[in-house]
Amino acid sequence: MARTHWEDFAPGQVAEFGPRVITREEIIAFAAEFDPQPMHLDEEAAGESLLGGLAASGWHSCCIVMRMISDGMLDGASFMGAPGVEEVRWLAPVRPGERLTVRATVLETRASRSRQDMGFVKFRYELFGSADRKLMTLVVSPMIGRRGSGAQP
């Protein structure tokens, strides 16, 4: 199986993943387990909140993006993890029934100074909902194995 390596990425490349529809039931189930705030659990309480209605937790949105990029790109790459998240911004609520897509844009690439078998690819991931409404952005620089290095993801 051909894998994507660090050398295959270049600044300006764009890929899109999805769609995926989020349901009321999964919003409530995620919130009940991981982020039990009223605006994520109860439609009446959510209606009276700053969000004005039931909405997914921001952390749920991050998990959805991770799943979509894993299925669409990382599972086929020599992905080696990431040292952290540089930035996450929740721009608008993710509502039940939204059709979600992710756009991944390569911002920069750089070889690792300490490990010859890998490099970093800085991505901006953008989560879009219905009518191309931007819901969230995430900037992260995963470690990607270099071609011929023998690096194992």
Value for CD (Glu48) from CG (Asp42), rounded to nearest 0.5 Å, stands at 8.5 Å
Which distance, rounded to the nearest 0.5 Å, do you find between the OG of Ser112 and the CD1 of Ile144? 12.5 Å
Flag the pair Arg24 / Glu43 as yes when at least one side-chain heavy-atom distance between them is below 4.5 Å, and no otherwise. yes
Output the distance between atom CD (Glu108) and atom NZ (Lys122), rounded to the nearest 0.5 Å. 4.5 Å
Could you pull out the closest heavy-atom pair between Asp8 and Gln13, with the gap in Å? O-NE2, 3.2 Å
Starting from the C-alpha separation in whole Å, work towards a yes-or-no answer on salt bridge (charged side-chain N to carboxylate O under 4.0 Å, His left out) for Glu87 and Arg89. CA-CA 7 Å; Glu87 175 185 292; Arg89 298 211 184 272; 3.6 Å; yes
Pairing donors with acceptors under 3.5 angstrom, does anything connect the side chains of Ser57 and Gln37? no
Distance from Lys134 atom NZ to Leu127 atom CG, nearest 0.5 Å? 11.0 Å
State, to 0.1 Å, how close Val88 and Cys62 come at their nearest heavy-atom pair, and which atoms those are. CG2-SG, 3.7 Å
Audit row: Arg146, Asp117, side-chain contact (heavy atoms from CB on, under 4.5 Å) steps and yes/no: CA-CA 5 Å; Arg146 296 184 75 166; Asp117 63 338; 5.7 Å; no
If two hydrophobic side chains count as joined below 4.5 Å and joins carry through other members, does Val139 share a cluster with Phe9? no
Interatomic spacing from CZ in Arg124 to CG in Leu138 - rounded to 0.5 Å: 11.5 Å
Hey, does the side chain of Trp6 reach the backbone of Arg147 with a donor-acceptor pair shorter than 3.5 angstrom? no
Is a side-chain donor or acceptor of Arg3 paired with a backbone partner of Gly76 at a separation under 3.5 angstrom? no
Would the distance check show the side chain of Arg95 and the main-chain N or O of Gly53 forming a donor-acceptor pair, the cut-off being under 3.5 Å? yes
Show the nearest heavy-atom pair for residues Leu41 and Ala32, with the distance to one decimal. CD2-N, 3.5 Å
Does Tyr125 share a hydrophobic cluster with Met68, counting links as ILVMFWY side-chain heavy atoms below 4.5 Å and allowing steps through other members? yes
Using a 4.5 Å cut-off on heavy atoms from C-beta on, say whether the side chain of Arg20 contacts that of Ile64. yes
Val106 and Phe123, any side-chain heavy atoms less than 4.5 Å apart: yes
Out of curiosity, Thr4 OG1 to Asp75 CG, how far, rounded to the nearest 0.5 Å? 11.0 Å
Within 6.0 Å of CZ in Arg67, more than 12 heavy atoms from elsewhere: no
In terms of hydrophobic clusters joined by side-chain contacts under 4.5 Å, are Leu100 and Trp90 together? yes
Is Leu91 reachable from Met136 through a run of I, L, V, M, F, W or Y residues, each pair having side-chain heavy atoms under 4.5 Å apart? no
In terms of heavy-atom contacts, Ile27 and Ala55 come closest through CG2-O, 3.6 Å
Taking Val85 as the starting point, is it possible to reach Met73 by hopping between hydrophobic residues whose side chains are less than 4.5 Å apart? yes
Phe30 and Cys63: which non-hydrogen atoms are nearest, and at how many Å? CE1-SG, 4.0 Å
To check you understand the geometry: which heavy-atom pair defines the closest contact between His5 and Ser78, and what is its length? CD2-OG, 3.5 Å
Applying side chain to side chain contact (heavy atoms under 4.5 Å, CB included), name anything that partners Pro19, two or more places apart in sequence or on another chain. Arg99, Thr101
pair Glu98-Arg133: side-chain heavy atoms closer than 4.5 Å: yes
